[in-house]
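Just below is one structure, and these are the notes that go with it.
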Amino acid sequence: MKKELPKAYEPSLYEDGIYEKWEESGFFNPDKLTGEPYSIMMPPPNVTGVLHLGHALENTLMDVMARYQRMNGRKVLLLPGTDHAAVATQAKVEKLLVEQGSKNPRQELGREGLLERIREYADASKATILSQIRKMGTSCDWSRLAYTFDEARSKAVNEVFVKMHNDGLIYRGYRVVNWSVKGQSTCSDDELVHVERPAKLYTFRYSKDFPIAIATTRPETKLGDTAVAVNPNHAEYKKYVGEIYTVDIGAAKPLEIRIIADEAVDPNFGTGALGVTPAHSAVDFEMYEKQKAKGEPIGLVQVIGQDGRMTAEAGAAYQGLTVEEAREKFVGWLKDNGLLLKEEEASQNVGTSDRFGDVVEALPMTQWFVAVNKKIPGKDKTLKELMHEAVTSGHNGDPEQKITITPERFQKIYRNWIDNLRDWCISRQVWWGHRIPVWYDKKLDKEIYVTKNIAGEGGIYVETKPPKGDSWIQDEDTLDTWFSSGLWTFSTLGWPDGINDLKTFHPTSWMQMGYEILFFWMARMILMTTYTLDQIPFRDVYIHGMLRDELGKKFSKSSGNNVDPLDVIKEYGTDALRFSLVSGIAPGNDSRFYGEKAEGARNMVNKLWNIYRFAISNFPPSPKQEIKNEECTVSDLWLLGEMRRLIAGVTQDLNGYNFSQAGEKLREFTWNKLADWYLEVSKFEKAGKKPEILSKILEDLLKLWHPFMPFVTETINREMGENDLLMIQRWPDEKFYKDISSRDGSVPNFELIQQIITAIRNARTEHKIEPSKKIKALIYAGGEKELVESQAGLIKNLRTGIGDLEIKEKGEGLGQAIFLAVGGIEIYLLGAKDETKERSRIEKEIARLEKLIAANEIKLANEEFVAKAPAAVVGKEKEKINAWREEMSKLKAQLTNQ
RNA sequence: GCGCGCUUAGCUCAGUUGGUUAGAGCGUUGCGUUUACAUCGCAAAUGUCGGGGGUUCGAGCCCCUCAGCGCGCACCA
């Protein structure tokens, strides 16, 4: 016998050592594995901080799949990485610097200086993240560790940028974009967080004689109005269409307002007309473009600048004011001049910057865009269409290249998003990120490359590497972080240089992510990969929900409810954390995390530990012997059959990504079947081949648990004297159990024995029989006499307190005994009866059966049910009712007997 | 405004093509210290599956509708 194991599993004693063993083995690296490739790319955590519970969940999900597939004999690659998270990281570091007293980090440190500070922060954060991933037990291939901002990934970024530019899919354009004044950068439409806030809706006229009143929540922008749009069918207003009015409302120059027609204007909303501000509204800018195309151009007057203050064009009275100040002033002016018609409370939806938090201004600027509605050369398809077909017909219409999304409903959400997708603004003015691989001829006036679209006009150089000579200057801007993460499934596999990994592992097998980055990330990966590689990035996507605290609130720094996974690990162990995270979750649904959950999982881990502790000391490993069906006891066969079902069930659940259900099945088997019954049986039943059976079951059970609880299972495996790592053992096969568990094609009914035992225990409790008091039992087992007799030892010993047991086929009822009916079996407990309790117990039981029988009678009396339901269903119902009737008649007889 | 999700035991949640008496964990109640485990054991209680309607032999599951909560999208000025 080996050394005595501690009573309770102590995770901290083993976890680090086990992880080292795994790493040393080299099996995290697929190069050391054979079989069909299976690949998962880890969604790279942002280097903005440390991992939170959401990451812990992701690591668990991925690692469960990776370990499961590895045990299935697949050549598994789980590739780890981190994301430089451009804006997010810069915003974070700038915030820290400001907290440390810096007024304007960009100005004070300069580009290189600030980048250095961000790099330091990112490196520290990255190191923490990677060590956290290890602590989670994640079996990823560290030799392939990637970073969105490292050399290989940057190269891929440049390649794709240039390719798209050459295909005309990336262009430089002047248009209204979202501008964060605080962050001094653009952001994409998806990065806006819309918030509802109260606002005032003002209705006014530009001048006394202007024929149409308009309404607005942003009066200060009206200083830049150049048109009024009306519905072309508006009874009153349509006659004005085409007219141009010159009005002076205080802007630098009098405004020329053209009345234009636009179908989108709702004649019944507000005043039925819309003041058009092309410089400060994306929608109005589209009208501006439309008018230009029509040859009836309207002006574009930018009254708000990049600093968030009014420009010179807004007029001397407003220049330099903030928008709020200007608003107040302009409304005052309207009032003073009798032009304000109405002022009412309204609510307004404003876009705020996800990362900087300020309200985003719409400003016209020259930026880089990805054209999603333009045909790809040689493809006759747009990027949008590529994104669409990947989840519907399959890429290029090939069903083999179709992405499956779990749960299904997210497919609809994704398609809906694509339909509303506009060109993607990819240039950012933050410094932390991939510098746009575009150079301009220094000889050009700087003004030209800053403000004008000069593509195709010479003087611009778009290549993956800088041009020769020093007459070039690189574009100041960096790329949206999602541009690089969009390449993640293949930039991590060596593209464009090495293609071996790419060939082996792409498209990747499985991807998991939270629904909150469905558009940001999944959509961009599909776009980038189908375009660049002509392949889908992954076959299956699993969408998980968000973790919330026990009150259902989001975890966040600001609400102070953040939980550090490492703290949970310290208290309960990694396996407990992992198991608690996947317990009770459903795809796409949010779930809550709280201490009791981890505690419950910890208890499960400990239970497992003690099961093996018991087995090791009571059933020392013996040379493997063949187990024959005839040598098995009834309980052996029962457990073997249950094990067979467990293997089949867990395998099926994992194949279908039903992590929670797989875990539940394992818990049920391990605790309620193996520990509560079989091990208890094994303390009394010494016949047969218990050691061999137990050893086989425990060996396989350890494997089934391993994906969920890698540390404790690997530890037990070692404690049992195994030298080979559990991690690479083969996933259990149900065949062995299938062959052995049935006797003559049927399985002895051990559950009946369990029911008898439970019924006796129940009766003892109800009759308040002292636990130590032995009682006598008489069983009329009818056709089951042989079975019950064979299990007499168990019936006496498994906490039933029966001293004397007699089993007959049938006989007279005993009025003076406690009576139990289990199926067709009659049980009499003698010597401790409580008359009143017995009577009420039996009456209750009869009432329960009567209800069941009544409901069933109605069902069976229904001719349609009998005629239309499958015969098997009807047959079952008949069997049921017969059994209940038999049981009830016995109970009734007992009642009259008393 | 459009769309999506949720509503199942006191709490947190599972429930995969509609078919036994709807489940788990935690909590609660009673009993227990039987040497693997008190991070334990045994026994038990608790549900008109949000309301209403429909389809069906049969609905927690499908359809319609209403309500509450949450979320996403959206150019209603």
Side-chain angles (χ1 to χ4, degrees), chain A residues 5 7-9 194 201 203 214-218 229 264-266 268-277 281-284 286-287 346 348-349 407 409-410 412-413 416-417 420 515-516 518-519 545-546 550 552 572 576 580 583-586 588-594 596-597 599-618 652-653 656 658 660-661 664 667-668 675-676 679-680 683 758 761-766 768 770-772 797-800 848-849 851-852 855-856 859 862-870 872-874 876-877 879-880 884:
Chain A
L5 294 173
K7 276 183 152 191
Y9 173 65
H194 291 276
L201 181 67
T203 305
I214 59 166
T216 183
T217 52
R218 297 284 314 264
V265 179
D266 179 353
N268 300 316
F269 183 85
T271 63
L274 174 65
V276 180
T277 323
S281 153
V283 179
D284 295 4
E286 274 169 29
M287 292 186 193
Q348 177 194 28
N349 217 344
R409 67 173 187 271
F410 286 103
K412 216 197 284 180
I413 295 174
N416 203 311
W417 175 83
N420 294 316
Y515 56 74
E516 72 277 7
L518 200 73
F519 306 143
M546 266 189 345
E550 56 203 314
Y572 302 104
S580 67
S583 293
I585 63 165
N589 284 3
D590 293 350
S591 59
R592 299 185 194 196
F593 182 88
Y594 39 88
E596 288 88 340
K597 230 172 180 171
E599 204 179 308
R602 189 266 322 262
N603 294 353
M604 181 65 241
V605 173
N606 192 243
K607 188 77 184 179
L608 196 64
W609 174 257
N610 271 290
I611 285 171
Y612 284 82
R613 206 158 75 90
F614 172 79
I616 289 169
S617 60
N618 289 280
Q652 196 188 343
D653 285 341
N658 291 313
S660 178
Q661 283 180 62
E664 192 46 49
R667 176 205 287 272
E668 158 82 9
D676 289 348
L679 293 187
E680 293 306 315
K683 290 175 185 171
T758 303
R761 289 170 178 168
N762 176 0
R764 287 190 66 115
T765 307
E766 288 209 4
K768 297 204 187 301
E770 288 291 311
S772 54
N797 284 307
L798 292 185
R799 287 165 211 193
T800 49
R848 189 183 69 92
L849 285 170
K851 248 195 211 164
L852 291 175
N856 214 315
K859 209 183 238 181
N862 185 337
E863 280 169 34
E864 281 189 291
F865 171 70
V866 178
K868 289 185 183 170
V873 174
V874 177
K876 252 187 198 168
E877 294 298 315
E879 265 176 44
K880 259 162 38 186
W884 291 334

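In what follows, every chain begins at residue 1, and chains take the letters A, B, ... in the order their sequences are listed.
Of the side-chain N and O atoms in A:R592, one or more sit less than 4.0 angstrom from OP1 or OP2 of B:U12. Between B:G72 and A:K412, no contact under 4.0 Å exists linking OP1 or OP2 to a side-chain N or O. Here A:H194 does not reach the OP1 or OP2 of B:C73: none of its side-chain N or O atoms lies under 4.0 Å away. The side chain of A:N416 places no N or O atom within less than 4.0 Å of a non-bridging phosphate oxygen (OP1 or OP2) of B:G72. Note on A:K880: a side-chain N or O is less than 4.0 Å away from OP1 or OP2 of B:U21.
At the heavy-atom level, A:A869 lies under 4.0 Å from base atoms of the strands shown. Using a 4.0 Å heavy-atom cutoff across all strands shown, A:R764 reaches no nucleic acid atom at all. A:N420 comes within 4.0 angstrom of sugar-phosphate atoms only, judged by non-hydrogen atoms across all strands, and of no base. Counting non-hydrogen atoms under 4.0 angstrom, A:N589 reaches the backbone sugars and phosphates but no base. Residue contacts shown for A:T758 are limited to sugar-phosphate atoms, with no base heavy atom under 4.0 Å away. Here A:A675 lies in heavy-atom contact (under 4.0 Å) with a base. Nucleic acid contact class of A:D590 (heavy atoms, under 4.0 Å, all strands): none. Using a 4.0 Å heavy-atom criterion, one finds that A:R409 contacts the sugar-phosphate atoms exclusively.
The nucleotide whose nearest atom lies closest to any side-chain atom of A:W884 is, among B:A77, B:C37, B:U21, B:U21. The A:R667 side chain lies nearest to B:A24 when the options are B:A36, B:A24, B:A77. When each of B:A36, B:A14, B:G30 is scored by its nearest atom to the side-chain atoms of A:A586, the top-ranked nucleotide is B:A14. In this structure, of B:A36, B:A77, B:U20, it is B:A36 that holds the atom nearest to the side chain of A:K607. Of the listed nucleotides (B:U21, B:U12, B:G19), B:G19 has the atom at the smallest distance from the side chain of A:F865. Candidate nucleotides B:A43, B:C37, B:G32 were compared by shortest atom distance to the side chain of A:P771, and B:G32 ranks first. For A:Y594, counting side-chain heavy atoms from C-beta on, the closest listed nucleotide (B:A77, B:A43, B:G25) is B:G25. For A:E864, whose side chain is taken as the heavy atoms from C-beta onward, the closest listed nucleotide among B:A36, B:C57, B:A77 is B:C57. In the set B:U39, B:C42, B:A24, the nucleotide with an atom closest to the side chain of A:N606 is B:U39. Here the nucleotide nearest the side chain of A:K868, chosen from B:C73, B:C57, B:A24, is B:C57.
The shortest heavy-atom contact between A:E877 and A:F865 is CG-CZ, 3.9 Å. Heavy atoms only, all atoms of each residue included: A:D284 and A:G275 are closest at OD2-O, 3.6 Å.
Using modelled atom types, one side-chain atom of A:R764 and one backbone atom of A:E770 make a donor-acceptor pair closer than 3.5 Å. Side-chain atoms of A:N416 do not come within 3.5 Å of backbone N or O of A:K412 as any donor-acceptor pair. Between the side chain of A:R613 and the backbone N or O of A:L5 there is at least one donor-acceptor pair closer than 3.5 Å.
Of all nucleotides present, none satisfies the Watson-Crick or G-U wobble test against B:A36 with each distance under 3.5 Å. Base pairing annotation: B:A22 forms no Watson-Crick or G-U wobble pair, as no partner gives both donor-acceptor distances under 3.5 Å. In this structure, B:C76 makes no Watson-Crick or G-U wobble pair, since no nucleotide meets both defining distances under 3.5 angstrom. Base pairing analysis places B:U28 opposite B:A44; the two distances defining the Watson-Crick or G-U wobble pair are each below 3.5 Å. The partner of B:C4 is B:G70, by the rule that a Watson-Crick or G-U pair needs both atom distances under 3.5 Å. Pairing partner, B:A14: none, since no Watson-Crick or wobble contact has both distances short of 3.5 Å.
Taking 4.5 Å as the limit, every side-chain heavy atom of A:T277 sits out of range of all side-chain heavy atoms of A:R218.
Going from atom OH of A:Y9 over to atom C1' of B:C40 covers 20 Å, rounded to whole Å. Rounded to an integer number of Å, the gap from A:N856 CG to B:G58 C1' is 12 Å. Nucleotide B:U35 holds its P atom 13 Å from the CZ atom of A:R613, rounded to whole Å. Nucleotide B:A77 holds its C1' atom 13 Å from the CG atom of A:N349, rounded to whole Å. A:R848 places its CZ atom 12 Å from the P atom of B:U46, with the value rounded to the nearest Å. In this structure, CZ of A:R761 is placed 16 Å from P of B:U34, rounded to the nearest angstrom. Nucleotide B:A36 holds its C1' atom 10 Å from the CG atom of A:L5, rounded to whole Å. With rounding to whole Å, A:N603 atom CG is found 4 Å from B:U39 atom C1'.
Across the P atoms, B:G15 and B:G50 are found 15 Å apart, a figure rounded to whole Å. With both ends at atom P, the span from B:G27 to B:C11 equals 15 Å, rounded to whole Å. Here the separation of B:G60 from B:G1, taken at their P atoms, is 33 Å to the nearest Å. Remark: the separation of the C1' atoms in B:G68 and B:G58 is 30 Å, to the nearest Å. Here the separation of B:G70 from B:U65, taken at their P atoms, is 23 Å to the nearest Å.
Partner A:Y515 forms a side-chain contact (heavy atoms from CB on, under 4.5 Å) with one of A:I413, A:D590, A:N589 and no other, that one being A:D590.
Below the 3.5 angstrom threshold, one finds no donor paired with an acceptor across the side chain of A:K7 and the base of B:C37. Remark: the A:E680 side chain and the B:A36 base include a donor-acceptor N/O pair separated by less than 3.5 Å. Judged by distance alone with a 3.5 Å cut-off, a donor-acceptor contact links the side chain of A:R602 to the base of B:U39.
Counting non-hydrogen atoms of other residues, nucleotides and ligands closer than 6.0 Å to CD of A:Q652 gives a total of 12 or fewer.
Between A:N762 and A:N862, the residue anchored nearer the 5' end of RNA chain B, judged by the nucleotide with its closest heavy atom, is A:N762. Heavy-atom nearest nucleotides on RNA chain B were determined for A:A273 and for A:I611, and the one closer to the 5' end corresponds to A:I611.
A cation-pi arrangement is not found for A:K597 relative to A:Y572, the charged atom failing to lie both closer than 6.0 Å to the ring centre and inside a 45° cone about the ring normal.
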Q) Does the pair A:E879 and A:K876 meet the rule for a salt bridge (charged side-chain N to carboxylate O under 4.0 Å, His left out), with working shown? A) CA-CA 5 Å; A:E879 265 176 44; A:K876 252 187 198 168; over 6 Å; no
